[in-house]
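Here is the structure we will look at, set down as structure tokens.
Values in this document were obtained by computation on a predicted structure and should not be read as measured data. Atoms within each ligand, like the ligands themselves, are counted from 1 in listed order.
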Amino acid sequence: MDIVNQFLWVIFPYICIALFIFGHIYRYRTDKFHWTAKSSEFIEKKQLMIGSLLFHLGIIPVVFGHIGGLGIPKSWMQAIGVNDHLYHIGAVYIGGFFGVVTLVGMFILTFRRFSKKNVRQLSSFSDLAVNSILLFIVFIGVYATFITNAVVPDFDYRTTISVWFRGLFYLNPNPALMSNVPLTFQLHVLTAFAIFALWPFTRLVHVWSVPLNYAGRSYILYRRHKHTK
Ligand code: HEM
């Protein structure tokens, strides 16, 4: 059993992190010109707009929630006055709300990809897999937030998952912290690492090309035109 825990909570996450880092370097160096979200807007627009909007509106706060819940130690939160009760309300109600928004968006996007004939025909195996895995990760995350937290009230992911997760970055992860975590959370974390490993080889690379400067730049860009004599 120890060897299984060692694999699941030490070896597997590090393989995924390594694939994430070196996969991006490899993809950028060998396949720069296919670095794209592969939009299928020209085939079907309405469902794409609604699904994509909901997914992206939901996932951004969820990412910030993950940074807070996984990255900031419980004691630090308590030191600034965020006790267990307050944290729990924020995580379940605010986190859960954005989780549901993400889930509805992801469901629409996945349903569209599988059910619209032309979109499906244009999709590669990788596109279908990314959608399905993301849908699963989001579903099980929302399920764990609402159901598992209620069914197993004594379980605290901030003294188990979060401590183990931070240990990965200190190169000292303790697999024992993960061995008694409820199955839904374990599945959520393992599939999340799997998507990190696949990330550089899929359309998810588009995330790193978000044109953030759009928000602050002027609407029209004027460029000096060089006249040639
Ligand atoms: C190793 C990486 C990850 C870990 C350790 C992790 C851990 C967690 C934990 C502990 C919760 C429960 C939060 C609560 O009950 O308050 C949660 C919820 C959730 N996770 Fe993750 N997660 C990871 C990656 C991801 C990824 C990649 C996605 C999306 C693609 C995701 C989407 C969600 C969603 C939608 C929820 C429910 C809403 C929320 O509580 O924010 N997670 N995750």
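Listed for the E44 side chain is a donor-acceptor partner under 3.5 Å among the backbone atoms of Q47. At distances below 3.5 Å, at least one donor-acceptor pair connects side-chain atoms of W164 with backbone N or O atoms of W9.
At the top of the distance list for atom 40 (O) of ligand 1, counting protein heavy atoms only, stands T145 OG1, 3.1 Å. Looking only at protein heavy atoms, the nearest one to atom 26 (C) of ligand 1 is I137 CG2, 3.8 Å. The protein heavy-atom contact nearest to atom 29 (C) of ligand 1 is I59 CD1, 3.7 Å. The nearest heavy-atom contact from the protein to atom 5 (C) of ligand 1 is L70 CD1, 3.6 Å. The protein heavy-atom contact nearest to atom 39 (C) of ligand 1 is G95 O, 3.5 Å. Looking only at heavy atoms of the protein, atom 34 (C) of ligand 1 is closest to V62 CG1, 3.9 Å. Here the protein heavy atom with the shortest distance to atom 13 (C) of ligand 1 is Y157 OH, 3.6 Å. Counting protein heavy atoms only, atom 19 (C) of ligand 1 is closest to H66 CE1, 3.4 Å.
Distances between N or O atoms of H188 and those of ligand 1 include at least one value under 3.5 Å. Of the N or O atoms in W164, none lie within a sub-3.5 Å distance of an N or O in ligand 1.
Looking at L134 against ligand 1, only its side chain comes within 4.0 Å, counting heavy atoms. Only the side chain of F185 comes within 4.0 Å of ligand 1, counting heavy atoms alone; its backbone N, CA, C and O stay farther away. No part of V92 comes within 4.0 Å of ligand 1, judged by heavy-atom distances.
For the residue pair T184/H188, the side-chain donor-acceptor check at 3.5 Å is not satisfied.
Between Y14 and L168, the closest heavy-atom pair is OH-O, 2.6 Å. Of all the heavy atoms in V138 and G99, the pair that sits closest is CG1-O, 4.1 Å.
Residue-environment remark: CG (N180) stays at or below the threshold of 12 foreign heavy atoms within 6.0 Å.
Among S126, S124, S123, the single residue meeting the side-chain contact (heavy atoms from CB on, under 4.5 Å) criterion with K38 is S124.
Heavy-atom contacts of F193 reach the following atoms of ligand 1: 1 (C) (cutoff under 4.0 Å). Interface of V189 with ligand 1, defined as ligand atoms under 4.0 Å from a residue heavy atom, comprises 5 (C). Which parts of ligand 1 touch F165 is read off a 4.0 Å heavy-atom cut-off, strictly below it: atoms 1 (C).
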Requested in this report: Start with the C-alpha distance between W35 and H206, add both sets of side-chain angles, then the distance that settles side-chain hydrogen bond (donor to acceptor under 3.5 Å, both in side chains), and finish with yes or no.
Outcome: CA-CA 7 Å; W35 190 282; H206 80 271; over 6 Å; no

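A tilted orientation is assigned to the rings of F7 and F12, their planes being inclined by 30° to 60°.
A cation-pi arrangement, defined by a distance under 6.0 Å to the six-membered ring centre and an angle within 45 degrees of its axis, is present between R158 and Y87.
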